[in-house]
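Just so it is clear, the values below take in all heavy atoms, side chains as well, and ignore hydrogens, waters and symmetry mates. Letters A, B, ... mirror the listed sequences (proteins, then strands); counts begin at 1.
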Amino acid sequence: MTRTLAWARRAAGAAAGALAALALVSAAAAQEPTAEEQLASLAGALDTAWLLVTAFLVFFMQLGFAMVEAGFVRAKNVANILMKNILDCAMGGLAFFAVGWGLAYGVSGDSAGPFAGDGQFFLRGFDNWPSWIFQFAFAATAATIVSGAVAERTKFSAYLVYSAVITAFIYPVVVHWAWDSHGWLSAFRDDPIGANGYIDFAGSGVVHAVGGTAALVGAVMVGPRIGKFGPGRKVNVIPGHNITLAVLGMFVLWFGWYGFNPGSTLGLSGGLADLAAKVAVTTTLAAAAGGVAAALLTRALTGRYDLGLTVNGVLGGLVGITAGCAVVDAWAAIVIGAIGAGVVIGGVWLLDQLRVDDPVGAVSVHGFAGIWGVLAVGLFASEAGIAQAYGESDRYGLLLGGGAEQLGIQALGIAAIVAWTAVTAFVLFGALKLTIGLRVRPEEEERGLDVDEHGIEAYPDFGSSAQGLFVPVAHPGGAD
Amino acid sequence: MTRTLAWARRAAGAAAGALAALALVSAAAAQEPTAEEQLASLAGALDTAWLLVTAFLVFFMQLGFAMVEAGFVRAKNVANILMKNILDCAMGGLAFFAVGWGLAYGVSGDSAGPFAGDGQFFLRGFDNWPSWIFQFAFAATAATIVSGAVAERTKFSAYLVYSAVITAFIYPVVVHWAWDSHGWLSAFRDDPIGANGYIDFAGSGVVHAVGGTAALVGAVMVGPRIGKFGPGRKVNVIPGHNITLAVLGMFVLWFGWYGFNPGSTLGLSGGLADLAAKVAVTTTLAAAAGGVAAALLTRALTGRYDLGLTVNGVLGGLVGITAGCAVVDAWAAIVIGAIGAGVVIGGVWLLDQLRVDDPVGAVSVHGFAGIWGVLAVGLFASEAGIAQAYGESDRYGLLLGGGAEQLGIQALGIAAIVAWTAVTAFVLFGALKLTIGLRVRPEEEERGLDVDEHGIEAYPDFGSSAQGLFVPVAHPGGAD
Amino acid sequence: MTRTLAWARRAAGAAAGALAALALVSAAAAQEPTAEEQLASLAGALDTAWLLVTAFLVFFMQLGFAMVEAGFVRAKNVANILMKNILDCAMGGLAFFAVGWGLAYGVSGDSAGPFAGDGQFFLRGFDNWPSWIFQFAFAATAATIVSGAVAERTKFSAYLVYSAVITAFIYPVVVHWAWDSHGWLSAFRDDPIGANGYIDFAGSGVVHAVGGTAALVGAVMVGPRIGKFGPGRKVNVIPGHNITLAVLGMFVLWFGWYGFNPGSTLGLSGGLADLAAKVAVTTTLAAAAGGVAAALLTRALTGRYDLGLTVNGVLGGLVGITAGCAVVDAWAAIVIGAIGAGVVIGGVWLLDQLRVDDPVGAVSVHGFAGIWGVLAVGLFASEAGIAQAYGESDRYGLLLGGGAEQLGIQALGIAAIVAWTAVTAFVLFGALKLTIGLRVRPEEEERGLDVDEHGIEAYPDFGSSAQGLFVPVAHPGGAD
Amino acid sequence: MKRIEAIIRPGRLPFVKEALEELGYPGMTIAEVKGHGKQRGIVEQWRGRQYKVEYLPKIWLLIVVDDAHAQQVIDAIVDNAYTGEIGDGKIFVSEVTDVIRVRTRERGEAAI
Amino acid sequence: MKRIEAIIRPGRLPFVKEALEELGYPGMTIAEVKGHGKQRGIVEQWRGRQYKVEYLPKIWLLIVVDDAHAQQVIDAIVDNAYTGEIGDGKIFVSEVTDVIRVRTRERGEAAI
Amino acid sequence: MKRIEAIIRPGRLPFVKEALEELGYPGMTIAEVKGHGKQRGIVEQWRGRQYKVEYLPKIWLLIVVDDAHAQQVIDAIVDNAYTGEIGDGKIFVSEVTDVIRVRTRERGEAAI
Ligand SMILES: Nc1ncnc2c1ncn2[C@@H]1O[C@H](COP(=O)(O)OP(=O)(O)O)[C@@H](O)[C@H]1O
Ligand SMILES: Nc1ncnc2c1ncn2[C@@H]1O[C@H](COP(=O)(O)OP(=O)(O)O)[C@@H](O)[C@H]1O
Ligand SMILES: Nc1ncnc2c1ncn2[C@@H]1O[C@H](COP(=O)(O)OP(=O)(O)O)[C@@H](O)[C@H]1O
């Protein structure tokens with residue numbers, strides 16, 4: 001009986017090296033694996049390691065979203081938004097297991113169609129674990145974006161249904177289009193649209209614009225919070241309860257983005273390590289540029305360095321670079337990030353004008369900056385960048401002299417994605433509205449969702465002099 | 001003089017590739033290493049990388065524990081619980097350095113006995129650094145579990161002693177039993193109990209049930225907080241001060257668990273990468289199922305989606321899958337996670353009935369769900385799963401037709417672990433009670449432990465209108 | 001057309017292994033790469049992976065700094081300190097892109113001088129991405145240290161300029177001296193000072209003492225907060241607003257330090273994996289010793305276990321071990337960490353005596369403990385330790401019988417670094433004082449920097465009964 | 001001069017304030033308090049176990065006015081704090097013997 | 001009608017409340033305040049340096065009752081807030097000239 | 001006995017307190033409140049959009065003294081709370097009919 005792991009475990013206990021382990025593996029196999037086979041196996045292990053570690057980082061973004069959103073809502077709705085963040089991730093996991101993966105990448109027969117995968121539901125006949133965990137983390141990201149936009153007024157049960165549907169259906173179909181080698185938009189198709197197909201390296205469109213579009217539809221259909229818009233053109237301000245949490249969340253998201261973008265090389269061997277490193281650099285520069293641009297812009301516009309919009313600006317820079325991180329040069333990443341922040345700030349202003357209430361800026365950050373990111377590929381992708389990540393091509397960024405074709409494909413791709421998401425999200429939210437209802441009652445909204453939906457206050461005993469007023473610290477006799 | 005690192009460092013400064021580095025290494029050795037040696041060395045490096053990265057993730061769980069516990073206690077005891085969390089990790093590090101590792105895996109002569117290791121104390125004659133850091137992170141986890149269960153009333157100095165003893169002695173012995181190749185329970189023993197020995201891949205029993213059992217003994221011996229239980233069967237509620245922190249901690253723990261479980265492959269080469277990825281998937285699904293189950297269960301039982309128990313439910317799912325993550329199928333992970341959440345909720349209720357006061361639910365989450373996790377292996381381990389992780393065997397999960405033997409061994413193993421921990425923890429807490437005392441004075445408890453033990457309030461200047469009332473912002477003249 | 005990534009991407013969707021990918025890469029090249037070339041490429045990929053993952057961890061320390069500093073300031077200055085933390089990282093990224101890297105490692109012609117690099121500004125002609133991201137993360141760390149020391153009174157615009165200059169100029173020069181193979185202090189120079197050159201493995205001096213020295217200069221030149229020092233020798237206490245945040249930050253920093261120190265091997269192949277693991281262990285032990293020492297010391301000195309200083313003590317232990325983590329034995333790491341905590345506590349007391357106001361202890365933690373760390377190498381470096389990390393040498397730690405030479409070089413090195421930083425920081429802060437001004441007006445300081453500089457309160461709607469008093473929840477008619 | 005002390009629902013504060021502003025009241029002081037009268041708390045839960053929250057959040061409002069305007073102010077508060085449900089709150093009126101404006105050291109009605 | 005304003009120890013609030021409930025008091029309002037009288041603060045420390053916290057947390061309790069029940073309420077508070085240590089607190093009694101119940105616009109004793 | 005209720009700037013509290021301490025005042029109670037009088041709020045912003053914060057943070061100070069010392073206490077507060085800018089605050093004085101010290105059950109002036 002082979003005891004590979006036993007040995008490995010023991011190796012941890014004693015001082016045995018990996019040499020022994022390898023030897024054992026060899027011995028276990030009927031015949032010696034060739035050096036080439038061993039090399040390939042090792043390369044595979046390294047690729048898997050990369051997928052796993054970056055998947056974990058992407059998963060960690062769940063915390064970032066939860067904290068940004070919690071910080072941007074009022075104290076009376078904190079437990080509700082946190083619960084939504086936990087549950088969209090948890091429901092998302094189960095939904096992506098049951099259906100999502102199958103629609104995204106599943107193959108039942110020889111190959112899947114251009115519209116959706118068609119096999120491996122419930123992971124039957126499946127063992128590509130590294131890919132599943134990585135793709136799950138992305139799906140959870142797409143799902144969680146909406147919660148912020150519809151915060152402080154949406155029914156919990158309706159949100160649960162929504163989050164299952166987006167991870168099971170709406171998002172996976174887009175993934176299939178753009179990232180599966182059978183997808184009609186895919187750059188990995190044998191015969192892609194145009195020279196390169198739709199280029200969206202880590203998902204400005206596939207993930208963020210999907211989430212952002214669904215968020216917009218949701219925010220419109222749920223309607224604004226009571227008191228957000230006054231009569232006439234009056235826009236009231238409803239500050240969140242804890243800006244520190246929002247900043248905490250932003251740093252966690254930035255950190256997690258190092259899984260999101262560099263991890264999208266899906267491996268390190270065969271030259272991908274260099275690409276991953278370059279992606280890490282462009283990601284960093286875009287985030288930095290987004291932060292600086294937002295700070296200076298708000299200073300110019302309002303006379304003060306605005307912290308909330310700087311948080312959004314960093315995120316806008318990150319969303320903006322996500323599509324092009326592998327194919328643009330460092331300087332272009334800075335430009336894209338800075339414009340991304342501008343798009344976010346403009347978007348926040350625009351939504352206020354349109355009387356759409358998005359408490360955390362999810363539509364602007366993920367939707368508008370996501371669209372910008374996709375288009376930016378058509379403007380800024382360098383020839384060498386495309387060659388390194390997708391193969392040699394003479395169609396690249398318009399502003400770099402690569403013609404307009406790629407920009408056209410990008411526009412087509414994002415239009416299709418936004419349209420698909422808008423329609424399906426509209427149907428979904430519409431159906432919810434007609435059945436269980438989308439929105440809590442006004443009294444409930446005024447009191448806060450925490451008390452009615454979850455029976456809790458987020459900070460029942462807070463404060464420097466908190467006396468636990470609610471707490472029966474002791475009972476002076478009596479039978480009960 | 002060889003300057004390996006110098007070169008590597010320089011490589012960072014310039015554009016030299018790893019080729020040069022490798023070449024240098026070769027040159028340094030008297031003769032060329034063979035390709036096979038190089039391969040083995042690289043495989044070893046990859047395995048070390050995995051151990052290191054996952055160890056770091058497991059270490060990060062310290063933050064998760066600290067935040068969950070801080071969120072679940074009242075504001076007046078926050079500094080105390082945080083200090084305990086820092087110190088159990090710090091004391092734990094020193095204790096595990098001095099004694100713990102030696103008892104767990106240390107070998108002085110040819111081999112260690114079945115009960116405990118007997119060498120390498122103070123890491124003398126030791127250089128298996130990757131294993132030490134990984135095992136330290138686990139030891140710190142086991143230690144920190146107790147702090148929550150005895151929170152808000154336990155003397156700080158007594159806690160310090162406790163945390164040193166559990167990491168130096170109680171926990172390492174269990175590790176030796178179950179994970180060292182000489183341990184009597186070990187699945188890695190040449191001649192294990194039954195066909196496979198006791199299977200506890202990442203430690204539902206070895207880590208969590210140990211922590212949970214010690215937590216139960218501690219909570220019973222310290223006694224409930226003043227006011228927790230009223231006369232008759234009355235159970236009072238003492239809400240914690242910050243549910244946001246608890247959720248933050250939960251996400252950090254979930255993230256860290258991706259080190260805990262997948263890292264327990266202890267390497268990636270030789271086929272372990274696939275196993276690690278599968279473990280990541282089962283871990284995810286169990287956590288997700290735990291969260292969904294807890295939310296729906298509390299909704300069914302109390303009419304509202306309970307956030308606190310959903311946090312505990314996710315953790316219960318994670319603890320539950322920890323033993324079996326490598327040997328169960330994806331669907332089984334969902335079942336195990338969901339039941340884990342149920343066990344936690346039942347446990348919380350049961351402890352209240354038994355008038356045992358566990359402010360954060362540590363006993364239920366780590367103790368009860370840990371026991372469940374160990375037994376679940378006996379129920380759900382698949383034949384292929386055991387083959388992949390432990391070697392071919394015809395004894396596997398009872399519910400999958402693998403017979404009752406494995407379940408019996410699991411029951412034996414967890415019984416032994418719980419018994420050992422209960423007895424040693426009882427002696428330890430008993431000795432502390434008789435000497436320095438376990439509990440602060442009632443006045444101190446009412447005032448909060450922060451002020452008396454640490455002279456601090458956690459939030460002296462908090463709030464939107466915090467005026468720093470305590471702060472002598474300026475002094476109008478006078479000599480002092 | 002080669003579709004490397006396409007295949008990799010597809011590989012994620014299906015079950016193709018790395019074998020295919022490798023084969024493809026081979027096919028793409030005109031002729032088969034030899035096994036040796038493949039090995040080297042794989043080793044390079046692993047090294048890159050290490051650099052990337054550890055760089056991400058180091059980046060994550062930004063969150064740690066932000067939270068420690070936020071926790072240690074008053075509520076009225078929280079948004080300001082958070083904004084500074086975001087912006088020093090963002091500005092730092094752009095500045096390090098434009099100038100910093102070039103001065104640190106850039107080479108325009110054949111080689112750079114001993115004082116500073118001279119090429120690759122704006123990353124022109126540059127593609128060593130893994131190194132850039134790693135070094136960027138370090139630069140951001142050096143930059144962010146100062147914000148805490150000058151917190152609660154420094155003008156935001158002045159701080160922006162400062163943070164650009166330190167990452168563009170002050171810090172990179174020191175890096176060049178100590179870590180570039182052309183630097184005059186460098187241990188990686190062909191002909192280093194003394195036998196080994198200046199040994200500062202991960203930067204107790206290069207990063208922390210630079211930050212700490214600039215922090216000291218800043219704190220002195222900005223002057224103490226209003227009310228910090230009374231008449232005579234009176235020292236007032238100005239408690240921060242949230243100790244939980246400080247602890248959160250500390251754990252994040254400790255976690256990030258596993259990137260900072262072990263990552264400084266800059267790779268894993270060629271034997272570096274073992275070194276990285278050893279570094280992880282010494283780092284852990286020093287942090288643990290720092291925490292325990294600080295807790296016991298404050299207990300001895302004040303009668304109570306002080307949480308704030310324990311947080312600082314852990315960090316002092318970490319800063320202290322940073323220079324010597326690769327070259328000292330485990331026991332020495334404990335000694336260095338414990339003394340590091342002592343140095344921090346003494347430093348905090350000393351600065352109070354000197355009437356220098358450092359709200360978060362940055363000068364003590366990074367400056368004093370950083371200097372201690374550099375000197376500790378001269379005292380505790382073991383012969384075997386130096387051999388493993390820097391090459392065989394008969395000059396090592398004074399206390400271990402290796403003579404005084406290394407201690408002398410360490411003293412020289414740190415003196416040069418402190419002098420350089422002090423002078424340049426003095427000029428910088430002086431220039432800022434004379435131009436835009438360093439300090440906000442007294443009224444602004446009393447009101448808090450948040451309101452005037454950023455127009456925000458950090459917790460506008462906090463508390464269990466927060467009613468959003470500021471929020472116009474609804475408007476009873478009226479045109480506006 | 002009258003000391004008018006009102007305990008009202010938090011959500012009604014903006015309306016009360018607006019009404020007072022139209023009256024041109026001299027100033028007001030508010031605080032977050034908790035209380036219960038006829039309205040006896042709500043049921044919350046913590047980790048699954050339910051408990052009664054005895055005190056509900058209210059806003060405490062203090063306005064000192066001269067005798068002539070007292071009734072107007074009271075009416076404005078009552079009109080705008082009203083919802084008709086239990087928990088609408090109460091107003092307590094008492095005498096103030098003196099008022100001092102710190103900035104000018106004015107006293108009495110002039111200081112209000 | 002009497003305005004009874006008590007400053008008590010936070011830990012005694014549940015007992016006071018229970019006693020008042022037995023009396024059938026009409027309502028109460030509480031707030032977290034800080035104060036000092038004879039009890040002059042405690043010593044805390046921040047990053048190792050000690051300082052005196054001048055104000056200790058107290059609960060401020062407001063109950064308006066008709067004259068007939070005032071003494072009973074005062075007694076209930078005194079009995080249950082008592083520990084015998086410095087810091088037990090004080091009760092201040094003053095006259096209320098009018099009370100209005102917002103929900104019903106009742107005035108005077110009927111509104112209490 | 002007089003009930004002296006002052007609304008002052010938070011930043012002046014230490015000075016007021018010091019001055020009262022020199023007088024040997026019997027005790028005081030404070031709370032964080034918000035308010036506005038002539039000083040009508042400041043402009044803040046949230047995610048780029050500006051809004052007027054209507055209420056500014058103030059400290060509410062309650063001191064009950066015997067009639068003899070009332071003027072002294074008022075003077076001490078006025079002197080030390082004064083900055084001369086709008087927003088310095090106000091002091092309201094009213095009659096207290098009774099005072100009870102919980103610890104000793106003393107009543108009236110003896111209890112202050
Ligand atoms: N007699 C009282 N003394 C002090 N506060 C009171 C008194 N009666 C009511 N209150 C305050 O008024 C609030 C509303 O009282 P409630 O009895 O619910 O209103 P209503 O009289 O309209 O039913 C209570 O929460 C409490 O804070
Ligand atoms: N004259 C006073 N005016 C206002 N509040 C007072 C006064 N005297 C005492 N207090 C309040 O009562 C609390 C308890 O007073 P203290 O003097 O400690 O009690 P005791 O009189 O029993 O010693 C103080 O913290 C303060 O809030
Ligand atoms: N009539 C009043 N009733 C209650 N509180 C008042 C009244 N007038 C002023 N205040 C309180 O005093 C504070 C300062 O008042 P303000 O009018 O700004 O001072 P000043 O009269 O010196 O200009 C206000 O914020 C408010 O809390």
Side-chain angles (χ1 to χ4, degrees), chain A residues 35 39-40 42-44 46-47 50 53 74-75 105 128 131 179-181 188 226-227 230 232 234 236 238-239 241-244 247 251 255 258 262 266-273 276-278 280-281 284-285 288 291-292 295 304-307 310 330 389-392 457 459-460 462-463, chain C residues 1-6 8-10 12-13 15 17-19 21-22 25 35 38 42 45-46 48-49 52-53 56 60 62-63 70 78-79 82-83 86-87 90-91 93-94 97 123 129-130 132-133 136 156 453-456 458-464 466 468 471-475 479-480:
Chain A
L39 250 172
L42 208 57
L46 179 62
D47 290 343
W50 186 241
V53 169
R74 285 167 288 178
Y105 290 109
N128 191 352
S131 293
W179 287 343
D180 188 83
S181 62
F188 312 115
I226 294 173
K234 182 159 180 63
N236 290 320
I238 305 183
H241 84 296
N242 191 331
I243 196 82
T244 310
V247 173
F251 274 119
F255 176 57
Y258 287 126
L266 304 180
L268 290 176
S269 62
L272 293 174
K278 184 189 142 187
V281 173
T284 303
L285 291 174
V292 171
R304 300 194 271 203
Y305 301 96
D306 191 283
L307 178 50
T310 300
Y390 293 87
E392 312 261 322
E457 290 169 80
Y459 310 103
F462 203 92
Chain C
M1 194 180 67
T2 331
R3 292 207 153 264
T4 313
L5 184 71
R9 179 67 80 169
R10 180 57 204 153
L19 250 165
L22 257 187
V25 171
Q38 287 186 22
L42 207 58
L46 179 61
T48 296
L52 291 180
V53 170
F56 302 162
F60 197 44
Q62 293 292 321
L63 173 64
V78 169
L82 292 171
M83 192 78 178
I86 299 176
L87 265 285
M91 288 288 286
L94 301 184
F97 159 78
L123 303 193
W129 308 111
W132 190 88
I133 188 88
F136 149 72
F156 190 74
E453 298 249 38
H454 312 291
I456 201 178
Y459 309 103
D461 181 67
F462 205 93
S464 62
V471 186
V473 275
H475 257 261
D480 188 287

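Here the closest non-hydrogen pair linking A/A295 and C/M83 is CB-CE, 3.8 Å.
Of the listed residues C/I456, C/T48, C/L82, C/L87, the one with more heavy-atom pairs under 4.5 angstrom with chain A than any other is C/L82. Ranked by heavy-atom pairs shorter than 4.5 Å toward chain C, the options A/L46, A/T310, A/T244 are led by A/T244. Between chain C and the options A/V281, A/L268, A/V53, A/L42, the largest number of non-hydrogen pairs under 4.5 Å is found for A/V281. Interface check for chain C: of the options A/A277, A/A35, A/A273, A/A330, the most heavy-atom pairs under 4.5 Å are formed by A/A277.
A tilted orientation is assigned to the rings of C/F56 and A/W50, their planes being inclined by 30° to 60°.
A 4.5 Å side-chain heavy-atom check between C/I86 and A/Y305 finds every atom pair outside the cut-off. Between C/F136 and A/T284 the shortest side-chain heavy-atom distance falls below 4.5 Å.
For A/A280, the parts sitting under 4.5 Å from any heavy atom of chain C are the backbone and the side chain alike.
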